[in-house]
Amino acid sequence: MDLKVNSVRGFKDVFGKDVIKFQAIEDAARMCFEMFGFKEIRTPIVEKTSLFQRGIGEGTDIVEKEMYTFIDRNGDSISLRPEATAGVIRAFLEHKLYNASSLHKFYTIGPMFRHERPQRGRLRQFHQINAEVIGSDAPLADSEIIWLAWAILKEAGLFEGLRLEINSLGCPRCRPQHRHDLMDFLNNNKAELCEDCRRRIDKNPLRVFDCKNEACKKALMLAPLIRHYWCPECAQHLGDVLDYLETINIPFVINPYLVRGLDYYNRTTFEIKASRLGAQDTVAAGGRYDRLIEWLGGPDCPAVGMAIGMERAILMMDMDILEKAAYDNRPDCFFITFNSEGRGHALRFMNKLRDKFIACEMSYDKKSMKAQMRYADRVGARLAIIIGEDEVDNEEATVKDMETHAQHRVQFDRLVEWVGKLVDEKRG
RNA sequence: GUGAGAGUAGCUCAACAGGUUAGAGCGUCGGGUUGUGGCCCCGGAGGCUGUGGGUUCAAGUCCCAUCUCUCACCCCA
C-alpha cells in the first residue's frame, strides 16, 4: 500500500508487542510510586520557551539546537517540552504548592521531544518516567530517588547488566574554583586536545572527561577532578547518600567524570547504564537541583529528581514478559453463532458476563464453524460457547473447554453461573 | 548537525556478471462432504522492488537526488 502521508521522522507508532512492554514498565512504575508515596502530576506538553531557556540553560544543546520551538497564533514563543522537570517546577510554583506543605513527591509519565538525529534508543518523541522530591536537601532524598529508579527497573524485570554510576558536582561554594582550575588546565594543554574538546573548554569544560579520544584521555590524566574540590558539606552529603545505598544493597560505582547536560544540577548526579543497549546506554539518570526553583522565580527550595527513558528500558525487555501478558489477556469466552437468533442470545449473555468481568468476544461476520473455531483458538479463548440452531431450539448452549476439548450442553438460564464457575477454575 | 551501511509481499529473506508475466517460508483468507480449533494436504488474495529523476534496446540490479531505518560521532533518557 502506498500511503501518501507517513509519520514524521523520529516519531513512532506504538502498537502490538511494544504496547505490552510500555504497559509493563508503566505498571511497574505506578506500583513503585505508590510504595514510595509519590503522587502523580500531569503537566502540559507545551510550555513557554522561556521556561526551558531559564530552567535548563540557554547554552545547553537541548535548548540551543534540539527544542521544538514555534511561534503560536498570538506571537508567543512556545516549545514542546524536552524534559519534565521544568514543567513540574513551574506547576509547583504557579499553584504555590510550597505553601501547602514543605515536602512534595511528584511523578509524571509522558512524552518528551528533542530534535536529534534518530538512532537506536533515541527518538524525537520519547517517553520518560519522571520523579521529583521537592523541599529537602537531605541525602536520604537523593538515595530514595535513586532507589526508586532502581526499584522500577527491577519491578519491570530489568536488572541484568545494570550499572549505577554516581558522582557529586559540588555546590556553589566549591564548584567555581574547580571550574576555574579546570579551564586553566585545559587552556594550558590545548595542544594535546582534539578539536571537540577545545570547543568544550568554554562551553562545558566538564564534558572533556567524556571524550573517547586516546590523546585527550592521556592529557586529562592530570586534570583537576571535582572530587578534590568538594567542600566538607558536599563530601559528607555524598558519603551519606552512598551509605544509604549500601544499606539497601544497591551496588554503585563512583564515576568522578560523570557530568550532566543540564545546567541546573548540583551535588548528587547519577546514571543507570545498561550494558546491552549500545551507544545510547543510559536508561535512567538524574540528580539534585537545589537552585532551579529559585532560578524560576520561586523560594529557595532544594530538590532532587530522576528520569527513566521508557524506550530504552523497553529495549532491554525479554520475551517472557510478553508471554505472560499474552496469557493474561486472553478472552475467557468466544461465542460462536450461525443465525440472528443465536447472535441475539449471545449478545445478552455477553452483556451479563462482561458485567462480571468475564472477557467475551464473538465474530462480527457470518462465518463457518471452522473459521469461528479457528479464530477462537487463535485469540486463546478459554471457552468456546456455541449457540447454533439446535441450541436455540432447545434453549441451551454448547460450552466447549478449548484446552481439555470437553463440551457440555448447558441450559440458558444456568449458563452465566456455569461459565462464571468454569472461568474461575480455569484462571487459577 | 557529521560520517558509514541498508531499504524487494503483513513478517523474515531469494532473484548468476542488468535480460522474458519478481519467488519462497511464515502469516492471512478459503476448502478437505451437512455445526467443532491447534497437526497435515490443497487453493486464493497480497509487491508500479521506499519515492523521484537519469543511463540503456532492456533496471529490483548501474548513476544522481530525496525520504526512512540502522550503526557510529555528537548529545542524552
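For the numbers below, each heavy atom of this structure counts, side chains included, while hydrogens, waters and symmetry mates do not. Chain naming here is simple, since letters A, B, ... match the order of the sequence lines and numbering starts at 1 in each.
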Answer yes or no: does atom OH of Y68(A) have more than 12 heavy-atom neighbours from other residues, nucleotides or ligands under 6.0 Å?
yes
Proximal nucleotide (of G30(B), G37(B), U36(B)) relative to the T398(A) side chain
U36(B)
Using a heavy-atom cut-off of 4.0 Å across all strands, would you classify I336(A) as base, sugar-phosphate, or nothing?
nothing
Closest heavy-atom pair, I109(A) versus M310(A), reported as atoms and distance to 0.1 Å, is CG2-SD, 3.9 Å
Measure from the side chain of D377(A), starting at C-beta and using heavy atoms only, and say which of G32(B), G38(B), C76(B) lies closest.
G38(B)
Take the protein atom NZ of K65(A) and the nucleotide atom C1' of C73(B), then report the distance between them rounded to whole Å.
12 Å
Does OP1 or OP2 of A77(B) have a side-chain N or O of Q280(A) closer than 4.0 Å?
no
Partner lookup for A77(B), please. Criteria are Watson-Crick or G-U wobble with both distances under 3.5 angstrom; report none if nothing qualifies.
none
Check the distance between G30(B)'s C1' and Y375(A)'s OH and give it to me in whole angstrom.
17 Å
note: R382(A), atom CZ; G37(B), atom C1'; distance rounded to Å ~ 17 Å
Report, as yes or no, whether the 6.0 Å neighbourhood of atom CD on E389(A) holds more than 12 heavy atoms from other residues, nucleotides or ligands.
no
Do L80(A) and F70(A) have side chains that get closer than 4.5 Å, going by heavy atoms?
yes
Check this for me: E395(A), atom CD, are more than 12 non-hydrogen atoms of other residues, nucleotides or ligands nearer than 6.0 Å?
no
Taking the side chain of K370(A) as its heavy atoms from C-beta onward, which of C71(B), G35(B), G32(B) lies nearest to it?
G32(B)
When you measure only distances, ignoring hydrogens and angles, does the side chain of Q407(A) come within 3.5 Å of the base of U36(B) through a donor and an acceptor?
yes
Using a 4.0 Å heavy-atom cut-off across all strands, classify H405(A) as base, sugar-phosphate, or nothing.
base
What distance, rounded to whole Å, do you find between the two C1' atoms, one in C26(B) and one in C39(B)?
16 Å
Candidates C74(B), G37(B), G35(B) - which lies nearest the side chain of Q119(A)
C74(B)
Using Watson-Crick geometry (N1-N3 plus N6-O4 or O6-N4) or G-U wobble (N1-O2, O6-N3), each under 3.5 Å, G52(B) is paired with C64(B)
Calculate the interatomic distance between E116(A) atom CD and G1(B) atom P; express it in whole Å.
12 Å
Expressed as a whole number of Å, how far does the C1' atom of U21(B) sit from that of A6(B)?
29 Å
Taking a pair to mean Watson-Crick or G-U wobble geometry with both distances below 3.5 Å, G35(B) pairs with none
Stepwise salt bridge (Lys or Arg N to Asp or Glu O under 4.0 Å) test for K12(A) and E311(A):
CA-CA 11 Å; K12(A) 260 179 69 178; E311(A) 282 82 357; over 6 Å; no
So what does G10(A) touch, heavy atoms closer than 4.0 Å: a base, only the sugar-phosphate, or nothing?
sugar-phosphate
Check the distance between U28(B)'s C1' and K367(A)'s NZ and give it to me in whole angstrom.
10 Å
Say we look at A24(B) and C63(B): how far apart would their C1' atoms be, to the nearest angstrom?
31 Å
If you find the nucleotide of RNA chain B closest to L123(A) and the one closest to A381(A), which residue's nucleotide is nearer the 5' end?
A381(A)
Identify whether any heavy atom of D390(A) sits under 4.0 Å from a base atom; if not, whether one sits that close to sugar-phosphate; answer base, sugar-phosphate or nothing.
base
In whole angstroms, the gap separating P of C76(B) from CZ of R124(A) amounts to 17 Å
Out of U70(B), C76(B), U36(B), which nucleotide sits closest to the side chain of R120(A)?
U70(B)
In whole angstroms, how far is the P atom of C76(B) from the OH atom of Y257(A)?
19 Å
pi-stack flag for F126(A) and A77(B), centroid dist under 5.5 Å, interplanar under 30°:
yes
Using Watson-Crick geometry (N1-N3 plus N6-O4 or O6-N4) or G-U wobble (N1-O2, O6-N3), each under 3.5 Å, G10(B) is paired with C26(B)
Would you indicate what R117(A) reaches in the nucleic acid, counting non-hydrogen atoms under 4.0 angstrom: base, sugar-phosphate, or nothing?
base
Does any non-hydrogen side-chain atom of F52(A) lie less than 4.5 Å from one of I62(A)?
no
Quick one: label E83(A) by what it contacts on the DNA or RNA (base, sugar-phosphate, nothing), any heavy atom closer than 4.0 Å.
nothing
Across every strand shown, the nucleotide meeting Watson-Crick or G-U wobble geometry with A17(B) (both distances under 3.5 Å) is none
Output the single nucleotide from C75(B), U36(B), A72(B) whose closest atom is nearest the side chain of E66(A).
C75(B)
When you compare the protein's N or O atoms with those of nucleotides 65-67 of chain B, which come within less than 3.5 Å of each other, and at what distance?
none

Base, sugar-phosphate or nothing for G121(A)? Non-hydrogen atoms, less than 4.0 Å.
base
Taking CZ from R122(A) and P from C71(B), how many angstroms apart are they, rounded to a whole number?
11 Å
Would you classify A284(A) as touching base, sugar-phosphate or nothing, given that sugar-phosphate means primed atoms plus P, OP1 and OP2, and contacts are heavy atoms under 4.0 Å?
sugar-phosphate
Pair Q407(A), T398(A): side-chain N/O donor-acceptor within cut-off below 3.5 Å:
no
Within the structure shown, what part of the strands sits under 4.0 Å from R378(A) by heavy-atom distance: base, sugar-phosphate, or nothing?
sugar-phosphate
Identify whether any heavy atom of E64(A) sits under 4.0 Å from a base atom; if not, whether one sits that close to sugar-phosphate; answer base, sugar-phosphate or nothing.
nothing
Nearest-nucleotide check on RNA chain B, R312(A) vs K400(A); residue mapping nearer the 5' end is K400(A)
For A72(B), what is the paired nucleotide under Watson-Crick or G-U wobble rules, both distances under 3.5 Å?
U2(B)
Please step through side chain to side chain contact (heavy atoms under 4.5 Å, CB included) for the pair I41(A) and F92(A), ending with a clear verdict.
CA-CA 10 Å; I41(A) 181 169; F92(A) 172 79; over 6 Å; no
What integer number of Å spans the C1' atoms of C42(B) and G7(B)?
35 Å
Partner of T108(A) by side chain to side chain contact (heavy atoms under 4.5 Å, CB included), out of I129(A), V88(A), T85(A)
V88(A)
Does atom CZ of R409(A) have more than 12 heavy-atom neighbours, drawn from other residues, nucleotides or ligands, at distances under 6.0 Å?
yes
